[in-house]
Every structure is written in C-alpha cells, then in structure tokens.
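Computed from a predicted model, the values in this text were never measured in an experiment. FYI, the numbering just counts along the sequence from 1.
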Amino acid sequence: MKIKIIKNSISRKELARMADEGFGDFVKVVVDIEQGVIAVGGELHADEEVVLVEEMGTKREDAWGINLYPEKQGEEFIEFNSMINLKPRLGNRSRGVEDERVREKIWQVVSKLVLD
C-alpha cells in the first residue's frame, strides 16, 4: 500500500478500507504535531516517518507513531504505540507517548484530519 500524506482530511471509511488491505482492523499513522499533517498506509511507522521527513521536512522530534482503529470510538480510536516514539533525548523512554501535551497535540491533529 502506498503511503499517503494527509494535509486536509481523510474519512474513517477510507481508513477502514486501508485497514482491510493491511492489518485488518487498524492503520499505522505518523503524526507531525507541528505541521498538523499525517502519513498513513505504511507497513512500518518508520517508513511513514521517512516520507514525512523527505516530503514535508518533518523534524524527528515532531513525528509520533500511532495506530488508528477506524471502527472504534473515543479513547479506543487511537493507540499510542510505536518504536519511533522511543525518544530518550526528549524524555520519552517507551513506545507510548508519555507527555500529556504531546498526546493532546496528536488528538488535535487527528480530530482535524479524520472525518466521520
């Protein structure tokens, strides 16, 4: 599946279609919390991160990996879990996103770009 950069919007229906073609019930996404864009459709978060860096000039500290479950609602919609989130220099020492402010920025970008 080709990685897409979403600058405007994507529907849950499109995410569900992408999930069906890939992992079944979720899609991997990398969020650039400063530019407010996402990359979706990669097999690895690292692949999506590279596309954002090369095409959008994303900085590594602004790129956070998540999984989106298009059929779920609320807190179950986003899973904060990716190897690219290991950023000890920034104080993030796990695959999750430990900083509440960063999680909130991720929610804001996703809420703006993913339409029901």
Subject >> Common cluster, Val51/Leu44, ILVMFWY with side-chain heavy-atom separation under 4.5 Å >> reply: no

Subject >> Verify same cluster id: Val29, Met18 (apolar side-chain graph, 4.5 Å) >> reply: yes

**OP:** Take atom NZ of Lys72 as the centre, draw a 6.0 Å sphere, and report whether it contains more than 12 heavy atoms from other residues, nucleotides or ligands.
**Re:** yes

Original post:
What about Val31 and Val114, same hydrophobic cluster or not, with Ile/Leu/Val/Met/Phe/Trp/Tyr joined at side-chain heavy-atom distances under 4.5 Å?
Top reply: yes

**OP:** Hey, could you give me the NZ/CG distance between Lys59 and Leu52, rounded to the nearest 0.5 Å?
**Re:** 14.0 Å

Subject >> Spatial distance of atom NZ (Lys87) from atom OG (Ser94) [nearest 0.5 Å] >> reply: 11.5 Å

Original post:
Run the salt bridge (charged side-chain N to carboxylate O under 4.0 Å, His left out) check on Arg101 and Glu104 step by step: do they pass?
Top reply: CA-CA 5 Å; Arg101 293 170 297 189; Glu104 182 56 35; over 6 Å; no

**OP:** List in chain and number order the residues that pass side chain to side chain contact (heavy atoms under 4.5 Å, CB included) with Glu79, two or more places apart in sequence or in another chain; answer none if no residue qualifies.
**Re:** Asn67, Tyr69, Asn81

Subject >> In one Ile/Leu/Val/Met/Phe/Trp/Tyr side-chain cluster, 4.5 Å: Trp64, Val37 >> reply: no

Original post:
Are Val27 and Val30 linked, directly or through other ILVMFWY residues, by side chains that come within less than 4.5 angstrom of each other?
Top reply: no

Original post:
Distance from Glu75 atom CD to Phe80 atom CZ, nearest 0.5 Å?
Top reply: 8.0 Å

**OP:** Starting at CD1 of Ile5, measure out to CD1 of Ile10 and round the result to the nearest 0.5 Å.
**Re:** 12.5 Å

Original post:
In Å, rounded to the nearest 0.5 Å, how long is the span from CD1 of Ile66 to CD1 of Ile78?
Top reply: 4.5 Å

**OP:** I would like to know whether Lys105 and Glu34 meet side-chain contact (heavy atoms from CB on, under 4.5 Å); could you show each step before the answer?
**Re:** CA-CA 8 Å; Lys105 285 182 180 182; Glu34 288 305 311; 3.3 Å; yes

